[in-house]
Structures are given as structure tokens and as C-alpha cells.
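Whatever order the structure lists them in is the order used to number ligands and atoms, beginning at 1.
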Amino acid sequence: MAEPSTSPGTFRLKPLLIIAIVVVVAAVAFAYTAGWLTPDRLTPKKLVAALAPPGGPALGYRRNHAKGICFTGTFEANGDGSALSKATVFERGQYPVVGRFNLGTPDPKAADAMVRVRGIGISITPPDGQEWRSAMIDAPIFAVSTPQGFYELLTASGSKDPDAMKNFIAAHPEFTGFLGWVKGAPWTESYAEERYNSLNSFLFVDSAGTTHAVRWSLVPAAQPVPITPDELAKRGPDFLEQEITQRVAAGPQRWTMVVTVANPGDPTADPTKAWPSDRRTVEVGTLTVQQIEPERDGPCLNINFDPTVLPSGIATSDDPFPAARSAAYSRSYNSRTAEASYYPGTETGAKQ
Ligand code: HEM
């Protein structure tokens with residue numbers, strides 16, 4: 001009988017070699033994903049860690065926008081958004097909303113007058129389950145152009161180096177626009193008087209498959225009443241939550257959702273760049289806040305207002321923020337829900 005051309009030993013080695021290669025490739029892929037091979041790469045872990053105050057994060061709470069209060073209400077679509085997007089949420093009708101008013105701070109006990117940025121998270125769910133989540137703030141532009149810039153801002157603002165912010169601004173001149181808003185824009189006395197802006201650009205996809213680059217805002221029906229931070233401080237550290245609770249108990253509060261459509265060439269990848277004020281706007285519906293509920297045991301406590309939870313008909317654009325935000329929010333969400341026992345008054349116990 002003829003001898004096999006390869007020795008039996010080689011036959012046994014081959015599968016072992018293949019297994020070894022698969023294991024090594026998987027290990028390298030894991031190490032890359034974990035950031036071990038690229039220590040300078042921005043990871044969700046680094047971004048979220050940079051948000052934490054010097055004493056560490058408040059366990060059980062959102063790692064940013066940690067102070068907030070839940071609400072429920074409706075979004076009444078007027079049908080005009082359907083020309084821009086096939087999302088069912090824009091078809092004429094009334095859909096339930098769960099949301100959260102919040103302050104842009106990692107400290108859930110921060111006094112209202114100490115926090116410049118106010119936000120809103122909304123989740124709108126039409127009957128087909130094509131949910132749309134959005135988290136917006138009251139600033140008209142964002143602080144930095146990229147997620148890396150945001151990380152550098154957080155690092156500089158937490159640094160003991162007295163030149164850290166000066167160096168940061170020199171490297172990020174785009175920050176001065178946001179700084180102008182921080183210093184110059186009036187504060188208001190209510191969450192109900194704020195205009196909330198998506199800042200990030202998204203794509204609306206219409207029923208013909210055409211895409212439209214857009215940003216959106218919630219424009220308040222309530223007239224803004226300016227207040228100085230000193231006056232706000234006098235009203236108490238948690239005035240905003242008390243005020244919105246009383247105001248909504250006295251009557252529902254409304255915002256018009258306005259979609260701004262970009263012209264060709266408008267910057268979509270940079271939320272520090274506002275679009276010219278003459279851009280086309282479309283009023284697509286009304287948000288009505290009908291009931292305020294405490295965050296504790298409230299309907300918004302365990303929602304992650306991830307800006308990439310989008311219905312068919314809305315998609316992310318070349319704006320790098322939504323993907324970075326999604327990864328960071330997920331990390332924050334996983335941490336805070338795993339730490340639920342630290343959240344005051346939850347069923348599993350109050351450790352704080
Ligand atoms: C890379 C940039 C950003 C990072 C790393 C970041 C990080 C975070 C984190 C970790 C949370 C808490 C998420 C949770 O536990 O559910 C959060 C909440 C929030 N963020 Fe951001 N964020 C970024 C950009 C933005 C931008 C551009 C906006 C506004 C346009 C924004 C608005 C909000 C709002 C309103 C909330 C509160 C939502 C809620 O009530 O749960 N963020 N952010």
C-alpha cells in the first residue's frame with residue numbers, strides 16, 4: 001500500500017494550528033476593542049470616567065445630567081413632518097411620551113443655580129412601536145466640535161493645572177461660541193420656559209427614499225421670564241423641580257417641535273456650527289407635558305435616552321456625536337442600573 005504523502009503528525013498539527021490562529025485573532029480583536037493596543041484611543045470608559053467629579057461618580061445615578069425629574073405626556077403630530085420623513089411618529093396622531101427634565105451635572109444634589117445647562121429627554125412611542133428617543137439641551141450650539149474635544153474639555157475643567165482651561169481654549173477656539181452663550185444668555189425661572197435643541201444633525205428619510213439633513217428643537221409655549229442665578233439661588237436649591245411640578249399640576253405645558261432643514265453644504269458634522277437663521281423650518285407637532293413624577297420609582301428612571309434609538313425614517317448623519325453618546329450613555333446606564341441599591345429609596349434599599 002502506498003504511504004500517505006503527509007505524515008500522520010502533520011494531520012494532527014493542522015487543526016491545532018487553525019484553533020491557535022482563531023484564538024490569537026480573537027484575543028487581538030478583544031484587546032483592540034478593549035483599547036489595550038491603542039491606549040490613546042477615546043473609549044466610552046474614558047469618556048464616562050472623565051465626567052466624574054473628583055470624589056467619584058454618584059452611584060446609582062446618571063453619569064451626566066444626574067439631577068432630573070420625570071414626566072409623562074403626549075406628542076401630537078400634525079402630519080407636516082411626513083413630507084420629510086416616513087417615520088410613523090410624524091403621521092397625524094397623538095402618541096404617548098415619557099420624558100425627563102434635567103440639569104447638565106454629574107452631581108444629583110447640585111443646586112439649580114450652579115448648573116448652566118438644562119436638558120430634556122423624550123421617548124415617543126407610536127402604536128407600531130417605532131420609538132424615537134432624543135436628549136436635547138437649552139444651549140443653541142454645543143461646546144466642542146468632536147467627542148475627543150469633549151473629553152479634552154472635561155479633562156481640562158477637572159485639572160489642577162491653572163493653565164489647563166487656557167490651553168484647552170487655545171486648542172479649541174470653537175469653544176468660545178458656547179462660552180459666549182454661557183456668559184451672555186439670560187437664565188430662565190422654569191424648565192417650562194426653555195427651548196431645547198438637538199444640536200446634533202440627523203437624516204430624515206422620506207417615503208421616496210430621499211434624505212434631508214435636519215436638526216430639531218422644542219420651542220416653549222411659555223414666555224421666558226429671565227432670572228439671575230443669584231435670584232434663582234434664593235428660591236432654593238431644588239426650585240426648578242418644585243416649580244415644574246406646581247406648574248404642570250395647574251395646567252399642561254406645551255412645546256412646538258420645529259425641524260430645521262439644512263441647505264446643501266451646511267455643516268452637519270459639527271454641532272458648534274449653527275446653520276444660518278434663514279433655513280427652512282417645519283413645525284411637525286406639539287409636545288404636551290401632562291404629569292410630573294419624581295424620578296424615584298418614576299417612569300424615566302430606567303430609560304436611557306440614547307439619541308441613536310431612532311424609528312425607520314430617521315437616521316444618524318456624519319455627525320460623530322450620536323454614536324459616541326450612545327456608547328457613553330450605555331456605559332452610564334449599565335453602571336447606574338447595576339448600582340440601583342445606592343439610589344435613594346429604591347426597593348432594593350437606600351445606601352446614600
Ligand atoms: C460625547 C459627548 C457626550 C457625552 C460623553 C455625554 C454623556 C452623557 C451621559 C453619560 C449621560 C447619562 C446617560 C444615562 O445614564 O442615561 C448623558 C445624559 C444626557 N445628555 Fe449627554 N453626552 C454628550 C453629549 C451630549 C449632547 C451633544 C447633548 C445635547 C444635544 C447631550 C444631552 C444630554 C441630556 C439631555 C442628557 C439627559 C438625558 C436623560 O434625562 O437621561 N449630551 N450624557
Side-chain angles (χ1 to χ4, degrees), residues 42-53 57-71 97-108 115-123 133-155 157 172 174-175 178 181 191 194-202 215-218 241 244 268-274 289 293 295 298-309 316-317 319-340 343:
L42 185 60
T43 58
K45 188 178 174 182
K46 277 164 74 173
L47 254 179
V48 172
L51 283 162
L59 300 181
Y61 288 87
R62 284 162 166 85
R63 292 322 197 227
N64 200 11
H65 295 257
K67 186 177 185 183
I69 191 161
C70 300
F71 66 79
V97 174
V98 179
R100 182 172 177 268
F101 293 112
N102 53 69
L103 295 181
T105 169
D107 177 4
V115 188
R116 187 63 180 104
V117 173
R118 297 174 185 169
I120 194 172
I122 52 168
S123 154
R133 295 187 195 173
S134 181
M136 298 164 253
I137 57 173
D138 58 351
I141 45 172
F142 199 53
V144 284
S145 297
T146 60
Q148 176 69 32
F150 190 58
Y151 174 69
E152 288 167 20
L153 170 62
L154 295 171
T155 310
S157 54
H172 291 276
E174 82 270 21
F175 183 64
F178 181 78
W181 174 79
Y191 278 128
E194 296 289 348
R195 172 187 171 121
Y196 300 101
N197 308 298
S198 77
L199 302 187
N200 295 134
S201 304
F202 292 80
R215 290 170 176 167
W216 54 80
S217 298
L218 288 170
E241 294 188 358
I244 194 70
T268 49
D270 184 347
T272 66
K273 295 202 167 87
V289 173
E293 295 186 41
E295 183 178 75
C300 72
L301 176 65
N302 288 333
I303 296 184
N304 168 0
F305 292 96
D306 175 342
T308 65
V309 175
T316 51
S317 69
D319 187 325
F321 276 93
R325 291 175 64 186
S326 177
Y329 290 24
S330 162
R331 188 169 177 89
S332 168
Y333 179 84
N334 288 343
S335 300
R336 66 184 171 88
T337 49
E339 299 154 358
Y343 187 94

Interfacing atoms of ligand 1 (cut-off 4.0 Å, heavy-atom, [X]):
| X | value |
| --- | --- |
| Leu51 | 7 (C), 10 (C) |
| Ile137 | 29 (C), 32 (C) |
| Asn200 | 27 (C) |

Identify, for [atom], the protein heavy atom at the shortest distance, and state residue, atom and that distance.
| atom | answer |
| --- | --- |
| atom 32 (C) of ligand 1 | Arg325 NH2, 3.4 Å |
| atom 40 (O) of ligand 1 | Arg100 NH1, 2.7 Å |
| atom 4 (C) of ligand 1 | Phe150 CE2, 3.5 Å |
| atom 36 (C) of ligand 1 | His65 CG, 3.3 Å |

Regarding ligand 1, does [X] bring an N or O atom to under 3.5 Å of one of the ligand's N or O atoms?
| X | value |
| --- | --- |
| Ser332 | yes |
| Arg336 | yes |
| Asn197 | no |
| Ser198 | no |

* Can you check whether Arg118 reaches Leu103 side chain to side chain, under 4.5 Å on heavy atoms? ->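 Result yes, sub-4.5 Å side-chain heavy-atom pair found.
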* Asked: So Leu153 and His172, side chain to side chain contact (heavy atoms under 4.5 Å, CB included) or not? Walk me through it.
  -> CA-CA 9 Å; Leu153 170 62; His172 291 276; over 6 Å; no
* **Per atom 35 (C) of ligand 1, closest listed option by heavy atom (Met136, Arg331, Arg62)** =>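 When every heavy atom of Met136, Arg331, Arg62 is considered, Met136 comes closest to atom 35 (C) of ligand 1.
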* Is there a donor-acceptor contact under 3.5 Å from the side chain of Glu174 to the main chain of Thr272? ->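 Side chain of Glu174 to backbone of Thr272: no pair is present.
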* Could you tell me whether the side chain of Thr155 and the main chain of Tyr151 form a donor-acceptor pair under 3.5 Å? =>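 Present.
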* Which one holds for Asn102 and ligand 1: side chain close, backbone close, both close, or neither close, with close meaning a heavy atom under 4.0 Å? ->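 Looking at Asn102 and ligand 1, just side chain atoms fall under 4.0 Å.
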* For ligand 1, indicate whether the residue Phe321 contacts it via side chain, backbone, both or neither (heavy-atom separation under 4.0 Å). =>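 Near ligand 1, Phe321 shows its side chain, while the N, CA, C and O stay back.
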* **Test log, rule side-chain hydrogen bond (donor to acceptor under 3.5 Å, both in side chains), inputs Asp319 and Thr268** => CA-CA 6 Å; Asp319 187 325; Thr268 49; over 6 Å; no
* To do: Hey, can you tell me if Tyr191 and Phe101 have their rings parallel, tilted or perpendicular (30° and 60° cut-offs)?
  =>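 Rings of Tyr191 and Phe101: parallel, under 30°.
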* Asked: Rounded to the nearest 0.5 Å, how far does CH2 of Trp216 lie from OG of Ser201?
  ->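 Output value for this atom pair is 9.0 Å.
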* Asked: For Asn200 and Arg325, what are the C-alpha separation, side-chain angles and deciding distance, and is it a side-chain hydrogen bond (donor to acceptor under 3.5 Å, both in side chains)?
  -> CA-CA 11 Å; Asn200 295 134; Arg325 291 175 64 186; 2.7 Å; yes
* Working for side chain to side chain contact (heavy atoms under 4.5 Å, CB included), residues Leu47 and Arg331 -> CA-CA 10 Å; Leu47 254 179; Arg331 188 169 177 89; over 6 Å; no
* Consider ligand 1: state whether an atom of it lies below 4.0 angstrom from any non-hydrogen atom of Ile120. =>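 Judged by the 4.0 Å heavy-atom criterion, Ile120 does count as contacting ligand 1.
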* Asked: Would Tyr329 count as a contact for atom 21 (Fe) of ligand 1, in the sense that one of its N, O or S atoms lies under 2.8 Å from it?
  ->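 Yes, Tyr329 qualifies, because one of its backbone or side-chain N, O or S atoms lies under 2.8 Å.
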* To do: Using the salt bridge (Lys or Arg N to Asp or Glu O under 4.0 Å) rule, pick out the option among Arg336, Arg100, Lys67 that qualifies with Glu295.
  =>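 Result for salt bridge (Lys or Arg N to Asp or Glu O under 4.0 Å) with Glu295: Arg100.
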